[in-house]
Structure formats: C-alpha cells, structure tokens
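Here is the structure we will look at.
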Amino acid sequence: MPPVATARFAIGEVVRHRQFEFRGVIFDVDPVFANSDEWYEAIPEDVRPRKDQPFYHLLAENDESSYVAYVSQQNLVADDSEEPVDHPAINGLFDGYAAGRYTLKRTHRH
C-alpha cells in the first residue's frame with residue numbers, strides 16, 4: 001500500500017496559490033487526487049501536479065471574481081496577510097474569522 005501523505009493545511013486556513021494570483025479558504029481536503037481524469041489532463045504536462053498528495057477545495061478569489069478551486073498541496077502556501085477572503089459562500093460554511101483562520105460551522109463538522 002502506498003504511503004499516505006500528510007495534509008499541510010487544515011480546513012479554515014487561508015492560503016494562496018504559489019504560481020497564480022489567487023487566494024482562498026480551505027473547506028475540504030482529499031488525501032490524494034479525487035477529481036476527473038479530464039480535469040487532470042487539461043493541466044499542461046510540464047506543470048501537472050502529482051496525484052499522490054493532498055488536494056484542497058478552496059473558496060477562492062482573485063481581483064476579478066470568486067470561485068471554487070481544486071489545488072494540489074505543492075501549489076499552495078500559507079497566506080500571512082491576515083485579510084479575510086471575500087467569497088459569497090463563506091457565511092454558509094464558516095462562523096467567524098480570527099487570527100487568519102475561519103471556524104467551520106458546527107453543522108459541517110464530522
């Protein structure tokens with residue numbers, strides 16, 4: 001059995017993409033790649049991430065819009081701006097924001 005990768009980031013943390021200009025709050029984590037082959041193969045091969053690492057679901061934002069992103073661990077870094085994320089779905093999943101982190105609503109905890 002292959003080794004299980006350890007998630008570097010947690011639900012509620014604010015992160016930013018290492019290469020592209022967007023940031024977001026993590027709302028779910030897959031221990032390894034769990035999206036479609038079509039999605040994966042659409043990424044240019046020279047920047048395609050490995051599948052054997054955690055992938056994060058983000059409520060993401062850039063200067064133009066808000067959206068949901070699916071990003072590999074290798075492409076994320078902690079966002080130390082301590083600025084909240086401005087995404088319309090935040091209030092549906094999280095209760096509050098303090099010290100650069102969101103608190104997941106009790107109804108969404110496992």
Side-chain angles (χ1 to χ4, degrees):
M1 180 170 248
V4 176
T6 302
R8 188 178 308 142
F9 305 105
I11 292 173
E13 278 190 71
V14 178
V15 294
R16 62 182 170 83
H17 198 279
R18 190 179 294 275
Q19 297 173 332
F20 301 115
E21 292 295 319
F22 73 87
R23 60 196 288 273
V25 58
I26 297 168
F27 70 90
D28 198 9
V29 183
D30 293 332
V32 295
F33 179 79
N35 206 333
S36 70
D37 289 334
E38 293 80 18
W39 183 92
Y40 187 75
E41 290 168 13
I43 301 169
E45 195 169 343
D46 60 326
V47 295
R48 195 176 294 158
R50 297 179 335 274
K51 289 184 173 182
D52 64 343
Q53 63 181 309
F55 277 73
Y56 299 84
H57 300 261
L58 308 177
L59 297 178
E61 66 177 2
N62 60 26
D63 289 338
E64 290 124 30
S65 66
S66 297
Y67 52 95
V68 173
Y70 190 65
V71 185
S72 65
Q73 181 163 277
Q74 76 187 55
N75 284 320
L76 291 176
V77 294
D79 181 280
D80 56 5
S81 70
E82 295 197 22
E83 294 290 322
V85 174
D86 185 24
H87 192 287
I90 294 262
N91 292 334
L93 292 173
F94 298 98
D95 274 332
Y97 176 77
R101 187 181 188 111
Y102 286 88
T103 303
L104 193 63
K105 286 187 175 188
R106 180 172 288 290
T107 57
H108 297 296
R109 295 181 192 168
H110 295 245

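Nothing fancy with the numbering, it's 1 onward along the sequence.
- Across G100 and Y97, no two heavy atoms sit closer than the pair CA-OH, 3.2 Å.
- Note: D28 CG to L104 CG = 9.5 Å, rounded to the nearest 0.5 Å.
- Under the rule for a ring-ring contact (aromatic ring centres under 6.0 Å, His included), the partners of Y56 that lie at least two apart in sequence or sit in another chain are F9.
- Within the 3.5 Å criterion, the main-chain N or O of Q74 finds a donor-acceptor partner in the side chain of R18.
- Atoms CZ and CD, from R8 and Q73 in turn, are 4.0 Å apart once rounded to the nearest 0.5 Å.
- Using cut-offs of 30° and 60° for the angle between ring planes, the W39 and Y70 rings count as perpendicular.
- By the 6.0 Å contact criterion, CD on E21 is open, its count of non-hydrogen atoms from other residues, nucleotides or ligands being 12 or less.
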| message | Please evaluate residues R16 and D80 with respect to the criterion salt bridge (charged side-chain N to carboxylate O under 4.0 Å, His left out), reporting the C-alpha separation (whole Å), side-chain torsions for both, the decisive distance (0.1 Å), and the verdict. | response | CA-CA 9 Å; R16 62 182 170 83; D80 56 5; 5.4 Å; no
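- Results of the side chain to side chain contact (heavy atoms under 4.5 Å, CB included) test with I26 over V71, V15, V14 single out V15 as the only residue that passes.
- Ring geometry, Y102 versus F94: the interplanar angle falls from 30° to 60°, so the pair is classed tilted.
- Rounded to the nearest 0.5 angstrom, R48 CZ and E41 CD are separated by 6.0 Å.
- Applying the side chain to side chain donor-acceptor pair (under 3.5 Å) criterion to R23, with sequence neighbours excluded, gives E61, D79, S81.
- By the side chain to side chain donor-acceptor pair (under 3.5 Å) test, N62 is found to be paired with no residue, residues two or more places apart in sequence or in another chain being considered.
- Between the CZ atom in F55 and the CZ atom in R50 there is a gap of 8.5 Å [rounded to 0.5 Å].
- Contact of the N75 side chain with the F20 side chain is not registered, since no non-hydrogen atoms from C-beta on lie closer than 4.5 Å.
- Side-chain N or O atoms of S66 include one that pairs as donor or acceptor with a backbone N or O of D86 at under 3.5 Å.
- Here OG of S72 is found 10.5 Å from CG of D52. Values are rounded to the nearest 0.5 Å.
- Contact of the F22 side chain with the L58 side chain is registered, since non-hydrogen atoms from C-beta on lie closer than 4.5 Å.
- L93 and V68 fall within the same hydrophobic cluster, defined by Ile, Leu, Val, Met, Phe, Trp and Tyr side-chain heavy atoms under 4.5 Å apart, directly or through other members.
- Expressed to the nearest 0.5 Å, how far CG of D30 lies from NE2 of H57 amounts to 3.5 Å.
- In terms of hydrophobic clustering, with Ile, Leu, Val, Met, Phe, Trp and Tyr side chains grouped at heavy-atom distances under 4.5 Å, V77 and V29 are assigned to different clusters.
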